[in-house]
Each structure stands twice: as structure tokens, then as C-alpha cells.
Protein chains: 2
Amino acid sequence: MPKTGLTAEQIKDRAIECTMERMRKFGYEKVRLSDIAKDLGVTHAALYAHFADKAALFDAVSERFIRDLDAKLERFCQPGARGTPLERITDWFVTLHKTKCEKVRCDPELYRAFNFLAVRQKVFVCQHLQSMDRQLMMLVKEAIDGGLLQGDAAEIVQLLFNATIGFHYPAMVVEYIDQDREPLLRAVLDALYRGLRDA
Amino acid sequence: MPKTGLTAEQIKDRAIECTMERMRKFGYEKVRLSDIAKDLGVTHAALYAHFADKAALFDAVSERFIRDLDAKLERFCQPGARGTPLERITDWFVTLHKTKCEKVRCDPELYRAFNFLAVRQKVFVCQHLQSMDRQLMMLVKEAIDGGLLQGDAAEIVQLLFNATIGFHYPAMVVEYIDQDREPLLRAVLDALYRGLRDA
DNA sequence: TTCCTTACATTTGGCAAGTTTTGTAAGATA
DNA sequence: TATCTTACAAAACTTGCCAAATGTAAGGAA
């Protein structure tokens with residue numbers, strides 16, 4: 001029934017892709033709905049059938065990045081994941097850190113948008129935080145069961161997350177993008193593991 | 001010789017105080033040199049005998065806060081300071097954290113200015129970073145000498161500072177101002193001490 | 001029914017004017 | 001000599017207007 005010959009999902013996807021492309025090229029301030037619509041071969045009003053408003057379109061771009069990141073991190077929590085629980089926690093944090101660094105370097109405009117657009121307290125961001133919490137909780141519980149860490153799982157998750165926040169907090173990732181902080185991140189985690197082993 | 005009857009230092013001090021007062025009342029965007037000058041009973045051009053430019057006046061405000069903070073932290077490094085080296089490191093970090101929280105709550109406009117005005121990489125900020133590094137280094141060395149920590153002092157300082165950066169990084173202090181994170185900060189430090197005791 | 005268009009209301013952004021504020025130079029006063 | 005004033009140049013900040021972009025409603029095509 002759609003006049004464009006594409007399903008609603010396909011149109012949405014293409015709209016998001018066009019938006020990303022224009023954000024990359026011109027910065028998010030200069031992205032116009034009419035341009036996106038033109039790329040898709042529809043009028044700008046048609047976009048409102050798929051997105052509540054312009055902000056929702058931008059959010060969809062951020063959401064895609066966050067979902068990809070979540071999926072990437074999820075792999076370290078799968079039953080088949082290799083390595084000891086502690087190694088997997090380290091891999092999890094290092095991946096979180098490096099993925100954000102990579103995004104800053106390869107997609108600076110997208111990262112800037114993601115950073116700027118009062119993205120905090122949006123639904124998908126809260127979900128991301130919950131998702132990360134759940135993932136870390138799984139890994140930490142495994143470590144506790146294996147006798148590698150001691151204490152309350154939720155508290156340990158809080159502690160690990162906050163002690164490494166400088167390595168994944170958006171503004172700080174940007175600020176220290178020129179430095180290779182991975183070794184420091186690993187050192188922080190190693191010290192914490194030792195300290196939490198016989199708490 | 002001055003026509004105002006005040007020494008250069010006094011004029012400077014009063015200028016800084018007036019600036020702070022107006023920043024608090026109206027926000028730093030609305031501070032005008034001509035208003036400051038009027039408060040002091042001189043023309044705006046006279047201010048240029050004391051400050052290189054408007055930014056230098058604003059910097060002086062931030063500098064004052066930072067110097068006070070440095071002095072406060074310095075106390076934990078004095079020979080007469082009470083407590084074990086590790087307790088003093090904890091006090092040092094907790095003071096750093098709480099002082100910034102207090103500033104955010106009591107002087108939000110000043111903190112915002114301090115945060116906004118590309119304050120990074122200014123001379124007095126670098127000095128502050130160096131000063132903190134030196135202070136922490138002293139405390140860590142004492143802890144190492146006392147057998148409470150093991151490893152390279154400079155590396156340990158780096159590690160402690162970065163693992164607690166979420167508790168003193170300006171933007172994050174503001175973001176989490178509603179939460180009492182002091183217990184979490186202490187927990188992070190305790191875990192690190194244990195992990196760095198038998199590195 | 002879903003997705004789209006046309007037509008229109010509302011909001012935002014950009015530009016040119018005038019005004020204020022910032023910064024500088026030359027000279028006056030203690 | 002150090003500090004200040006006057007006078008002026010340069011930069012940044014309003015204001016008002018118009019064009020462009022966003023958002024909405026009513027109705028048309030698959």
C-alpha cells in the first residue's frame with residue numbers, strides 16, 4: 001500500500017541513514033527535514049507518519065549506535081564467551097572504552113550530536129544504562145561464583161562502573177581522545193579486582 | 001600615587017570581588033566591564049591597567065577558588081596532619097569531592113562560569129593539576145614507605161586520580177549533585193588500597 | 001487502513017540596522 | 001612612573017524583518 005514501494009520499516013531505515021549521512025557531512029545543525037524527504041522522494045510532511053518530530057529522527061540515529069554497542073557488549077556475556085570472568089569484565093570495559101573512542105575519531109559529527117542533544121534521560125539511554133548494568137551484573141556474579149570476587153554483586157557493579165567512568169563518560173572520551181588510556185583502564189581494573197577478591 | 005587612594009593590589013581585589021558579586025547575581029554572560037568600573041569609581045579603561053582583558057578578570061575569579069582549594073588540600077600533606085597515610089589520601093579525595101559539590105550548590109553561577117570559560121589549559125589550571133599531583137605524590141610515597149601500598153608512586157597517583165575522576169570532574173560533579181556519592185568514593189578508594197597493597 | 005500530498009499555521013534562522021561593549025592610543029595627574 | 005581619563009576603533013550584542021523550516025489538518029491514492 002505504500003506509494004514509495006517500500007515498507008514503513010524500510011522507509012524509516014532509509015530516513016535514518018540519510019540523516020546520518022547529512023549529519024556527517026554538514027553537522028546536525030544543518031540537517032533539514034525537507035532535504036531528507038527529497039532524498040527519499042517524498043514530501044517533508046510524509047516523514048511525520050514515521051517520526052513524531054525532528055528530535056525523534058535524531059534520537060533514532062543515536063539509538064542505533066547505542067543498540068549496536070549494546071549488542072557488541074552482550075557478546076562477552078554469552079555462555080560461549082571465552083576467558084575467565086575477570087578477563088571478560090576487562091574485555092567488556094575495554095570494548096566500551098574503545099568503541100566510544102573509535103566513534104569520536106571516525107564519526108565526530110555524529111558523536112557531537114549524540115553528546116549535545118540533551119540525550120540524557122531519554123528512554124533509550126535509560127534502557128542502555130539498564131542493559132549495561134544487567135550485563136555487568138551477569139559477569140560479576142560469575143566472577144563471584146568462581147571465587148574471583150567477594151561481596152555484593154550490585155555494589156561491585158556500581159563500584160567498577162564508577163571507578164572507570166572517566167573512560168566512557170562521553171565528554172571525557174572526547175577530552176582525552178589523543179591519549180591511549182587503555183593501559184591505564186586495565187591497571188585500574190586489575191587493582192580493583194585484587195581489592196575486591198578478599199574484600 | 002593612585003588616584004583612587006587604593007594600591008594596585010587593593011583595586012585588583014575589589015575588581016575581582018565586584019565581578020564575583022555580579023556573576024552570582026546575573027550570570028557571567030551579563031557582567032560588563034563598565035559596571036565593574038562604575039562600582040570602583042573609575043572608567044572602564046582603567047581596568048586595563050590591572051587586567052590584560054576581560055577574560056583575565058574572569059580567570060582571576062576562578063584562580064581564587066582554585067588557590068583556596070589547593071591550600072585546603074595542602075593541609076592533608078603537612079607533617080602535622082593526623083591519621084594514617086591512607087586515611088589522609090581518603091580525606092584528600094573526599095575534600096576535593098565535597099568542596100566542588102559545595103561550590104556547585106552555594107555558588108552555582110560561579111561554578112558554571114568556571115566550567116564554561118575554556119578554563120582548561122589555562123596556566124593556573126595546569127598549576128592546579130601539578131599541585132594536586134605533587135600533593136598526592138607526597139601522600140602516596142608516605143603510604144609506600146609505610147608498607148601500605150606497593151608499586152611505582154607516579155603510577156599509583158595516576159591510577160587513584162583517574163579511578164576517582166568521576167567524583168571531581170567538573171561536569172560530573174554537576175550532573176550527580178543530587179546524589180550523595182561520598183560513600184561510593186570511599187568504597188572505590190578502599191578497594192584500590194587493598195588492590196595496591198600487594199600489587 | 002496506511003501512507004502520502006497539498007495547503008496552511010507556527011516557529012525558527014539569517015541578515016542588516018543600529019547600539020552597546022570591549023579594547024587601544026595619547027595624553028593628563030598624582 | 002604608575003594610574004587614570006578622554007577619545008576613538010573594533011568587536012559583539014540587540015532589534016526587526018523576511019525567508020525558510022517545522023509541524024498540523026484535511027483529504028486523496030493504493
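So that the names make sense, note that chain A is the first sequence line, chain B the second, and so on, each numbered from 1.
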**Student:** Side chain to side chain contact (heavy atoms under 4.5 Å, CB included), that's the test. Do A:Glu142 and A:Ile89 meet it? Break it down for me.
**Tutor:** CA-CA 10 Å; A:Glu142 279 188 58; A:Ile89 296 178; over 6 Å; no
**Student:** What verdict does the side chain to side chain contact (heavy atoms under 4.5 Å, CB included) test give for A:Leu185 and A:Thr90, after you've listed the backbone C-alpha separation in whole Å, the side-chain angles of each residue and the deciding distance to 0.1 Å?
**Tutor:** CA-CA 9 Å; A:Leu185 170 57; A:Thr90 297; over 6 Å; no
**Student:** For A:Glu17, is there an ion pair with A:Arg22 - N to carboxylate O distance below 4.0 angstrom?
**Tutor:**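 No salt bridge links A:Arg22 with A:Glu17.
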**Student:** Over how many whole Å does the gap from A:Arg22 atom CZ to D:dA21 atom P extend?
**Tutor:**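 Computing the A:Arg22:CZ to D:dA21:P distance gives 11 Å.
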**Student:** Heavy-atom contacts under 4.0 Å between residues 24-39 of chain B and DNA chain C, which residues?
**Tutor:**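 Per residue number, the list reads B:Val31, B:Arg32, B:Leu33, B:Ser34.
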**Student:** To the nearest angstrom, how far is B:Phe51 atom CZ from C:dT24 atom P?
**Tutor:**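 These atoms are roughly 16 Å apart.
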**Student:** When rounded to the nearest 0.5 angstrom, what is the spacing between OG1 in A:Thr164 and CZ in A:Arg181?
**Tutor:**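 Rounded to the nearest 0.5 Å, the OG1-CZ separation comes to 10.5 Å.
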**Student:** Taking the minimum atom-to-atom distance to the side chain of B:His50, which one of C:dT6, D:dC4, C:dT22 wins?
**Tutor:**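 Ranking C:dT6, D:dC4, C:dT22 by closest atom to the B:His50 side chain puts D:dC4 first.
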**Student:** Mind running a 4.0 Å heavy-atom check of residues 52-60 of chain B against DNA chain C and sending the residues that fall below it, in number order?
**Tutor:**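 The answer is B:Asp53, B:Lys54.
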**Student:** Could you check how far OH of B:Tyr48 sits from P of C:dG23, rounded to whole Å?
**Tutor:**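 B:Tyr48 atom OH is separated from C:dG23 atom P by 3 Å.
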**Student:** In terms of the nearest nucleotide of DNA chain C, which residue is placed more toward the 5' end: A:Ala45 or A:Ala49?
**Tutor:**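 Per heavy-atom nearest nucleotide, the more 5' residue is A:Ala49.
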**Student:** Identify whether any heavy atom of A:His44 sits under 4.0 Å from a base atom; if not, whether one sits that close to sugar-phosphate; answer base, sugar-phosphate or nothing.
**Tutor:**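 Since a base atom lies under 4.0 Å of A:His44, the category is base.
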**Student:** Check whether any side-chain nitrogen or oxygen of A:Thr43 sits under 4.0 Å from OP1 or OP2 of C:dT5, and answer yes or no.
**Tutor:**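 Yes, A:Thr43 has a side-chain N/O under 4.0 Å of OP1/OP2 on C:dT5.
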**Student:** Roughly, in whole Å, what's the span from CD in A:Gln10 to P in C:dC4?
**Tutor:**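 Atom CD in A:Gln10 sits about 12 Å away from atom P in C:dC4.
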**Student:** Any idea how A:His97 and A:Phe167 line up, ring-wise: parallel (<30°), tilted (30 to 60°), or perpendicular (>60°)?
**Tutor:**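 Correct class here is perpendicular.
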**Student:** Cationic tip of B:Lys100 within the cone over B:Tyr111's six-membered ring, i.e. under 6.0 Å and within 45° of the normal?
**Tutor:**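 Geometry flag: not set, cation outside 6.0 Å or 45°.
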**Student:** Of all the choices, C:dC4, D:dT24, D:dT3, which nucleotide is nearest to the side chain of B:Ala8 once you look at every atom?
**Tutor:**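 Given the options C:dC4, D:dT24, D:dT3, the side chain of B:Ala8 is closest to D:dT3.
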**Student:** Only one of A:Phe124, A:Phe114, A:Phe58 passes ring-ring contact (aromatic ring centres under 6.0 Å, His included) with A:Phe65; say which it is.
**Tutor:**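 Of all the options given, the one that passes is A:Phe114.
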**Student:** Can a salt bridge be assigned to the pair B:Arg67 and B:Glu63 using a cut-off of 4.0 Å between side-chain N and carboxylate O?
**Tutor:**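 A salt bridge links B:Arg67 with B:Glu63.
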**Student:** Shortest non-hydrogen contact from B:Asp39 to B:Cys18?
**Tutor:**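 For B:Asp39 versus B:Cys18, the nearest heavy atoms are CB-SG, 3.8 Å.
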**Student:** Rounded off to whole Å, could you give me the CG-to-C1' distance for the B:Leu47 and C:dG23 pair?
**Tutor:**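 Distance check: B:Leu47 CG to C:dG23 C1' gives 12 Å.
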